[in-house]
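Protein chains get the first letters and strands the later ones, always in sequence-line order, with residue 1 at the start of each. For the numbers below, each heavy atom of this structure counts, side chains included, while hydrogens, waters and symmetry mates do not.
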There are 2 protein chains.
Amino acid sequence: MTPRQNRPTINQVAAAAGVTKSSVSRAFTRPEMLSEETVRKIFAAAEQLGYVPNHTARALSTGRHGNIALIVPDVANPFFPPLIRAAQAEADRSDYCVFLGNSDENPQQEDKLIGRFTGQVEGFVLVSSRLSDEQIIDHAARRPVVLINRDVKGIPRILIDSATGVAEAVAHLAGLGHKKLVYVGGPHGSWSNKQRRSAVRRSARELGLDVTVISNEFAAFESGRKITASVLATGATAAIAFDDLTAQGMLAELADQGIAVPADFAVVGCDDVLGAATYPSLTTVSNRSVEAGKAALNLLMDILQNQAIRDVRYVLNTNLVIRKTTGPARNATSESGSPDQSR
Amino acid sequence: MTPRQNRPTINQVAAAAGVTKSSVSRAFTRPEMLSEETVRKIFAAAEQLGYVPNHTARALSTGRHGNIALIVPDVANPFFPPLIRAAQAEADRSDYCVFLGNSDENPQQEDKLIGRFTGQVEGFVLVSSRLSDEQIIDHAARRPVVLINRDVKGIPRILIDSATGVAEAVAHLAGLGHKKLVYVGGPHGSWSNKQRRSAVRRSARELGLDVTVISNEFAAFESGRKITASVLATGATAAIAFDDLTAQGMLAELADQGIAVPADFAVVGCDDVLGAATYPSLTTVSNRSVEAGKAALNLLMDILQNQAIRDVRYVLNTNLVIRKTTGPARNATSESGSPDQSR
DNA sequence: GCTTGACATGCAACCGGTTGCATTAAATAG
DNA sequence: CTATTTAATGCAACCGGTTGCATGTCAAGC
């Protein structure tokens, strides 16, 4: 019934090498304690038997599992995979294994996952956590936790500040002669959406641009298509979308309607999840999810080493990535130019 | 130095409940062995102390960890996240935790990951494994392994048969009057690539079409762009690409060169990872990665239960999803039509 | 009323390592 | 040449559970 492997144990190696298991253990963990001769003997025996230390047993006696957990709201959202990949790679460098959890944007699910993982991991990285501050603080009291895109005081966190990039986008559009623009929003509860929306408003005010905000609960290609009519109805010449998927939907709809981008209308995305893979390639705000994932893991490793859990708040600024969906405003030869025919 | 939690142990619960640890253990694993009274006492004590069984200790004595590992070539490739998500969800239903491994398309890395995971997992799901058959068989001898998109005799496997969809694609193009087409390949080691390539060849032969195969090691947007020149150079009027990303890159390049799709050139992708999110929306072969992920996990759970490792080979058929990048061949009014000018 | 079970619980070994302390042998000091 | 240190290894307890077998209890069977 027991699905145990009959892998050789430390005792068998000890017997084969003519030493006790303490020595075998030491040969693998602190070889400098043993004579070179003995270490050699033990390694030879281990090699010959195909011995590999039992991770579980080791974890039991040391309390160190060499695992961490990474929890994201939705693996399938293109924003996360590069982050996951980076975190993975970084964990790998320290010989850590990573558990992946998918919360489905659901706080209860997230809590349940954390419960399942606790006890086999040394620490957590929670990405865009949907838990309450209290829950996060609570978990952080048991195990080291690092947050990404969640700003809870006292918990080490990495924040991607899209406001800087969005501000650049507005300035970029202003420089191209656009006078009136639209911000196409994203999910209601989203911290990023709030951050972006207010960044657009602030910058527009400073630069004397006119902004219309259009709500659009679902950030996705199809909803981007559908919202396009309302966007055009505002008479704006440019739009900044909550994310790249929305922007991409808009591009498709504009193309269908024979509106040339960027000649007739400019579009800016956010998060750069599509790379240059739209046509025309999308001007967007950089995402720094790769750095965020990497930084979160380094921070966690650091905390696991130094015990001293510091209140780190690490902000990654973003910037505008100018590609081909933005250009001079229609009927606006920058400063001078011909009279505006559209009014 | 030991980062151990001072969580209550089974002994403390035992003391508090006035029983031995055996009984506490049984209360949690086989409560029907104990009197209701005792179970109640133990649960009360456990509750009061906040006791949670130690996963590691349990795993050590039972050899059952409640973990499985999922290894993919590249998390960031849009083909995988939905599969990962589905597998996750399925594992979750059985209270299993999943380790995620990213092999970076590298057999050595994959091997290393498997090594790291073995010993803490009960089984593996290897997706599009880049290991040799021998290596896979070797690992499968130690731990249950389920493969996705890899056909190794004797190892339980889930295969997404893109051949059916690709055959439909060729027929579709033939029906539209295309006479000469190109297959733009994918990674060398990829089983899917071989499968698709031979499906294209076979169908084309049956339908009397002319096919050129162009190799293209890296399946990605940029490489799709770059390969386009060679594709056009063949004089073909349609191309089937190894995957959607490649196809998308080709679309962008074609657009840049002023070649209209589908009027001047038809493009078919594979895997349907982009949905309708290209412009024009891409005709492609459906992917069944979600079902594959789910099926693989169910199969693995099954194997873990029934021990009897069966030689399962589960094939998921695909079909063509016709969108807007395919249309009548240039200069080919179906059957009749004007003489072919290009020769 | 004594035997026979069935049921509930305890005992102790075991899973496979790690580690503080004791022991022994060899090296250095006096 | 003996006393003291130092280096290498062994001993045994421990990590926190699980589980086969022994023990004890109480009720039913004869």
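- Residue-level contact check: B/T56 touches neither bases nor backbone, having no heavy atom under 4.0 Å from any strand.
- A/Y51 comes within 4.0 angstrom of sugar-phosphate atoms only, judged by non-hydrogen atoms across all strands, and of no base.
- Partner of B/Y314 under the side-chain contact (heavy atoms from CB on, under 4.5 Å) criterion, out of B/N298, B/I158, B/V146: B/I158 alone.
- Backbone-only engagement by A/V19 is indicated by non-hydrogen atom pairs under 4.0 Å involving sugar-phosphate atoms exclusively.
- Across the protein-nucleic acid pair, B/Q120 atom CD and C/dG17 atom P stand 14 Å apart, rounded to whole Å.
- Residues B/I42 and B/S23 have side chains in contact (heavy-atom distance under 4.5 Å, counting atoms from C-beta outward).
- For B/Q12 and D/dG16, the CD to P distance is 9 Å, given to the nearest whole Å.
- Within the nucleic acid shown, A/S25 comes within 4.0 Å of at least one base atom, counting heavy atoms only.
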All N/O contacts under 3.5 Å from nucleotides 11-14 of chain C to the protein, with atom names and distances to one decimal?
{"unit_1": "C/dC11", "atom_1": "N4", "unit_2": "B/S22", "atom_2": "OG", "d": "2.8"}
{"unit_1": "C/dA12", "atom_1": "N6", "unit_2": "B/S22", "atom_2": "OG", "d": "3.3"}

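- Here B/T62 does not reach the OP1 or OP2 of D/dT18: none of its side-chain N or O atoms lies under 4.0 Å away.
- Relative ring orientation between A/F124 and A/F117 is described as tilted, the plane-to-plane angle lying within the 30° to 60° band.
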Note to self: Checking A/V19 against A/V24 for the side chain to side chain contact (heavy atoms under 4.5 Å, CB included) test, could you report, in this order, the C-alpha distance in whole Å, the side-chain angles of both residues, the deciding distance, and whether it holds?
What the structure shows: CA-CA 7 Å; A/V19 296; A/V24 178; 3.9 Å; yes
Next item on the list: Decide salt bridge (charged side-chain N to carboxylate O under 4.0 Å, His left out) for B/R313 and B/D151; before the verdict, give the C-alpha distance in whole Å, the side-chain angles of both, and the deciding distance to 0.1 Å.
Entry: CA-CA 8 Å; B/R313 184 174 191 272; B/D151 196 2; 2.7 Å; yes
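- Note on B/S23: every side-chain N or O is 4.0 Å or more away from OP1 and OP2 of C/dA8.
- If you take CD1 on A/I160 and OG on A/S128, they are separated by 8.0 Å, rounding to the nearest 0.5 Å.
- Taking atom CG on B/N54 and atom P on D/dT18, their separation rounds to 9 Å, with Å as the unit.
- To the nearest angstrom, C1' of D/dG17 lies 12 Å from NE2 of B/H55.
- Residue A/I10 has its side chain nearest to C/dG17 when only D/dA8, D/dG16, C/dG17 are considered.
- Atom OG of A/S35 is separated from atom NZ of A/K41 by 7.0 Å, given to the nearest 0.5 angstrom.
- Going from atom CE of B/M33 over to atom C1' of C/dC7 covers 9 Å, rounded to whole Å.
- Atom CD of residue A/E110 and atom CG of residue A/L126 lie 5.5 Å apart, to the nearest 0.5 angstrom.
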Next item on the list: Take A/E291 and A/K294 through the salt bridge (charged side-chain N to carboxylate O under 4.0 Å, His left out) test and state the conclusion after the steps.
Entry: CA-CA 5 Å; A/E291 286 109 314; A/K294 187 172 170 180; over 6 Å; no
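- Between the P atom of C/dT18 and the CZ atom of A/F28 lies a distance of 9 Å, rounded to the nearest Å.
- Taking the ring centroids of B/F43 and B/Y51, they lie at or beyond the 6.0 Å cut-off.
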Are any protein N/O atoms closer than 3.5 Å to N/O atoms in nucleotides 23-26 of chain D? If there are, list each pair with its distance.
none

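- Checking C/dG16, D/dT9, D/dT18 against every side-chain atom of B/T29, the shortest atom distance belongs to D/dT18.
- Using modelled atom types, no side-chain atom of A/H139 and backbone atom of A/V145 make a donor-acceptor pair closer than 3.5 Å.
- Put simply, the side chain of B/S25 never gets that close to the backbone of B/K21: no donor and acceptor are under 3.5 Å apart.
- Within the structure, a side-chain polar atom (N or O) of B/T38 is placed less than 4.0 Å from OP1 or OP2 of C/dT9.
- Rounded to a whole Å, the CG atom of A/L60 is 12 Å from the P atom of C/dT19.
- Taking a 4.0 Å limit (strictly below) on heavy-atom distances, residues 43-50 of chain B does not reach DNA chain C anywhere.
- In this structure, the CZ atom of B/R7 is 10 Å from the C1' atom of D/dG16, given to the nearest Å.
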